Every structure is written in structure tokens, then in C-alpha cells.
Asks: 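Quick one: the structure is below, and I'll ask about it shortly.
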Amino acid sequence: MGVRARTWVLLAVCGGAALGFGGTAGATGAAAAGSSSVKVSGTVPLPARAARSGPAPATAPRPATPPHADLSFHGHAVLTGDRVEVRLTPRDAGPSAVADASVRLRWSVALAERQELPSACARTGERTLVCGTGALAVGRAGRTLALTVALRQAASEVTLEVEPAWNGGVSDPDRSNDRLKVLVLDTGDAYAF
């Protein structure tokens, strides 16, 4: 197809669209293209895709929205000399289940070098542990985590921070109930969080 023929087709399609989808294009090629050698008249059919109604199809797929789950951690801590006993229960308020999760426990003082930790826990720093909580079903409490950590030296108080380390790839819209901080005094009492 030559340049003039392609120009004619383009003018015919544009002229038909300007006259109201499938209308009559009675313009001359001289008026439309500035040349006296081509004359266009008649009914111009529109391509099938231009005649569709409704929104135009998306050019790129939208990224998938991650599932949502509202995780929370509740429990208590007891400080006695150089030992802190922690009991913690994770909970998933939904709307999606969590295939696997873990919680980070961070203390304001250094931990002793040697620790006897549950198999689900690992030390990740001088003052930090990460413990797996496992899968969390919607609306149910997860497995309770119980551990005792040894501090490097006895303390009159420690601050314990609790937060998710991994939430199974879900999005948590309410972060206020899964990032906690509790001051624990050396009284032998249980301080709830």
C-alpha cells in the first residue's frame, strides 16, 4: 500500500469518526489533505475495536493486592534477678489466614551469651531473639510461646519490645496491636502486654 493510499485510509477512518461512528464522510481529499489529486466520499466503516462501548481495556495488569491479616501478640513477662520469663500468644483477627509468622523480642539490656531457647527461637543480636509462631488461623489464638532468657547481669528493670519479624507476606492494616513495649520491674510480678 502506497503512502497516498495509507493517507486515504487514515483520512477516511478519522473523517468517519468525526462525523459520528459510521457516518458519511463527504469531505474531499483536497480539503482534508491539501492535495487536489484524491477525492474521498461515501460511507466509512469503523474498525470493530473502535465501535466497542465501555471502558478501554487496561494496558498493563494491576499488581495483586496482598491478603490482609490483623496480627496481635498478647502475653506477660516476669523479671527475677537475671532471668526473664516470657509467655506470648499470637492471634490473627483476619480476614486472611497466615501460613507462617515469627515474632521479634528485643530487650533493653544485653542477654547472656549462653541461652537455652525453644527450638522455634534463634538469637539474632546481643539483645534480640526471633521466634517462629507457625501458621495462624483466622479468629483463633496461635500456639503459646514460653521461654526464659538469661540477662548478662541482674537488672532492676528491663523493657521488652514485641513486634512481628515475618507475617507470612500479608498486609496488616492495624499495626497498633502488634508492636508492643512493656516495662518489666524486678518484682516477680507478671507484666502483661
Side-chain angles (χ1 to χ4, degrees), residues 54-193:
T59 56
R62 292 183 180 182
T65 303
H68 295 302
D70 184 18
L71 303 183
S72 61
F73 302 101
H74 300 285
H76 66 266
V78 178
L79 172 61
T80 308
D82 66 346
R83 301 267 186 231
V84 182
E85 294 177 29
V86 177
R87 290 186 59 86
L88 174 138
T89 304
R91 187 171 183 86
D92 177 8
S96 299
V98 176
D100 193 20
S102 58
V103 63
R104 180 177 294 112
L105 306 172
R106 184 178 296 120
W107 283 267
S108 60
V109 298
L111 302 178
E113 290 300 317
R114 290 189 48 108
Q115 298 288 331
E116 292 185 29
L117 300 172
S119 61
C121 297
R123 189 165 181 174
T124 59
E126 182 184 49
R127 302 178 299 127
T128 309
L129 302 175
V130 171
C131 298
T133 63
L136 300 174
V138 175
R140 299 183 62 189
R143 174 181 41 140
T144 297
L145 176 67
L147 66 140
T148 301
V149 297
L151 305 176
R152 188 171 290 163
Q153 58 188 7
S156 61
E157 66 181 44
V158 296
T159 300
L160 171 61
E161 296 178 39
V162 179
E163 65 183 1
W166 169 246
N167 62 5
V170 301
S171 172
D172 189 345
D174 181 9
R175 304 305 300 261
S176 66
N177 59 359
D178 60 356
R179 295 178 185 264
L180 308 168
K181 189 182 280 191
V182 60
L183 177 64
V184 184
L185 303 177
D186 185 13
T187 62
D189 296 324
Y191 290 84
F193 55 89

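Because the structure is predicted, anything quoted here is derived from the model rather than measured.
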Asks: Less than 4.5 Å apart, side chain to side chain, heavy atoms only: is that true for Pro66 and Val170?
Replies: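 Side chain of Pro66 against side chain of Val170, heavy atoms only: no contact under 4.5 Å found.
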Asks: Tell me if a side-chain donor or acceptor on Arg127 pairs with a main-chain N or O of Val109 at a distance below 3.5 Å.
Replies: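 Checking the backbone N and O of Val109 against the side chain of Arg127, no donor-acceptor pair under 3.5 Å is found.
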Asks: Would you say the side-chain atoms of Arg104 pair up with the backbone N or O of Glu161, donor to acceptor, closer than 3.5 Å?
Replies: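 Between the backbone of Glu161 and the side chain of Arg104 there is no qualifying donor-acceptor contact (under 3.5 Å).
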Asks: Taking all heavy atoms of Phe193 and all of Phe73, pick out the closest pair and write down the distance.
Replies: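 Phe193 and Phe73 have their closest heavy atoms at CD1-O, 4.2 Å.
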Asks: Show the nearest heavy-atom pair for residues Pro173 and Ala69, with the distance to one decimal.
Replies: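 So the minimum-distance heavy-atom pair works out to CD-O, 4.1 Å.
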Asks: Rounded to the nearest 0.5 Å, what separates atom CZ in Arg106 from atom OG1 in Thr124?
Replies: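 Between atom CZ of Arg106 and atom OG1 of Thr124 there are 7.5 Å.
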Asks: Going by the rule salt bridge (Lys or Arg N to Asp or Glu O under 4.0 Å), which residues pair with Glu157 if we only count those two or more places apart in sequence or in a different chain?
Replies: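 For Glu157 there are no salt bridge (Lys or Arg N to Asp or Glu O under 4.0 Å) partners, ignoring immediate neighbours.
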Asks: If we ignore hydrogens and angles and just use 3.5 Å, is the side chain of Asp172 paired with the main-chain N or O of Leu71 as donor and acceptor?
Replies: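 Such a contact is found between Asp172 side chain and Leu71 backbone.
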Asks: To the nearest 0.5 Å, what is the distance between CG (Leu136) and CZ (Arg143)?
Replies: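 Answer for the CG-CZ pair, Leu136 versus Arg143, is 9.0 Å.
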Asks: Roughly how far, to the nearest 0.5 Å, is the CG atom of Asp186 from the OG1 atom of Thr80?
Replies: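 Rounded to the nearest 0.5 Å, the OG1-CG separation comes to 6.0 Å.
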Asks: Using 0.5 Å steps for rounding, measure from the CG atom of Leu111 to the CG atom of Leu151.
Replies: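 Interatomic distance, Leu111 CG to Leu151 CG, rounded to 0.5 Å: 6.5 Å.
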Asks: Give me the atom names and distance for the closest heavy-atom approach of Leu160 to Ala77.
Replies: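 Looking at all heavy atoms of both residues, the closest pair is CD2-CB, 4.1 Å.
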Asks: Identify the two heavy atoms, one from Ala97 and one from Val138, that lie closest to each other, and give their separation to 0.1 Å.
Replies: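 Minimum heavy-atom separation between Ala97 and Val138: N-CG2, 3.4 Å.
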Asks: Can you tell me how far OG of Ser102 sits from CG of Leu129, rounded to the nearest 0.5 angstrom?
Replies: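 These two atoms lie 12.0 Å from each other.
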Asks: Once rounded to the nearest 0.5 Å, what's the spacing between atom CG of Leu145 and atom OG1 of Thr133?
Replies: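 Interatomic distance, Leu145 CG to Thr133 OG1, rounded to 0.5 Å: 8.5 Å.
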Asks: Sequence neighbours excluded, which residues qualify as side chain to side chain donor-acceptor pair (under 3.5 Å) partners of Asn167?
Replies: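 Applying side chain to side chain donor-acceptor pair (under 3.5 Å) to Asn167 gives none.
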Asks: Ignoring hydrogens, what is the shortest heavy-atom contact between Cys131 and Leu105? Give both atom names and the distance.
Replies: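 Minimum heavy-atom separation between Cys131 and Leu105: SG-CD1, 4.3 Å.
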Asks: What residue pairs, at least two apart or across chains, pass salt bridge (charged side-chain N to carboxylate O under 4.0 Å, His left out) with a residue in residues 71-100?
Replies: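 Not a single pair qualifies under salt bridge (charged side-chain N to carboxylate O under 4.0 Å, His left out).
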Asks: Using the test salt bridge (Lys or Arg N to Asp or Glu O under 4.0 Å), find all partners of Arg179 that sit at least two apart in sequence or belong to another chain.
Replies: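 Scan of Arg179 (salt bridge (Lys or Arg N to Asp or Glu O under 4.0 Å), adjacent residues dropped) gives Glu163.
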Asks: Taking the side chain as C-beta and beyond, is there a heavy-atom pair between Val184 and Asp189 under 4.5 Å?
Replies: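 Side chain of Val184 against side chain of Asp189, heavy atoms only: no contact under 4.5 Å found.
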Asks: Taking the side chain as C-beta and beyond, is there a heavy-atom pair between Val86 and Val162 under 4.5 Å?
Replies: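 Val86 vs Val162: side chains apart.
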Asks: List for me each residue that meets side chain to side chain contact (heavy atoms under 4.5 Å, CB included) alongside Ala112, sequence neighbours excluded, and say none if there are none.
Replies: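 Here the qualifying residues are Gln115, Ala150.
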Asks: Could you go step by step and tell me if Leu183 and Tyr191 meet the side chain to side chain contact (heavy atoms under 4.5 Å, CB included) rule?
Replies: CA-CA 8 Å; Leu183 177 64; Tyr191 290 84; over 6 Å; no
Asks: Do the side chain of Arg175 and the main chain of Asp178 share a donor and acceptor less than 3.5 angstrom apart?
Replies: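 No: the side chain of Arg175 does not pair with the backbone of Asp178.
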Asks: Please check if the number of heavy atoms outside Arg140 that lie under 6.0 Å from its CZ is greater than 12.
Replies: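 Result for CZ/Arg140: open.
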Asks: Do the side chain of Thr89 and the main chain of Thr144 share a donor and acceptor less than 3.5 angstrom apart?
Replies: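 Here the side-chain-to-backbone pair does not exist.
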Asks: Residues two or more places apart in sequence or in another chain: which of them pass salt bridge (Lys or Arg N to Asp or Glu O under 4.0 Å) with Glu116?
Replies: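 In terms of salt bridge (Lys or Arg N to Asp or Glu O under 4.0 Å), with neighbours along the sequence ignored, Glu116 is linked to no residue.
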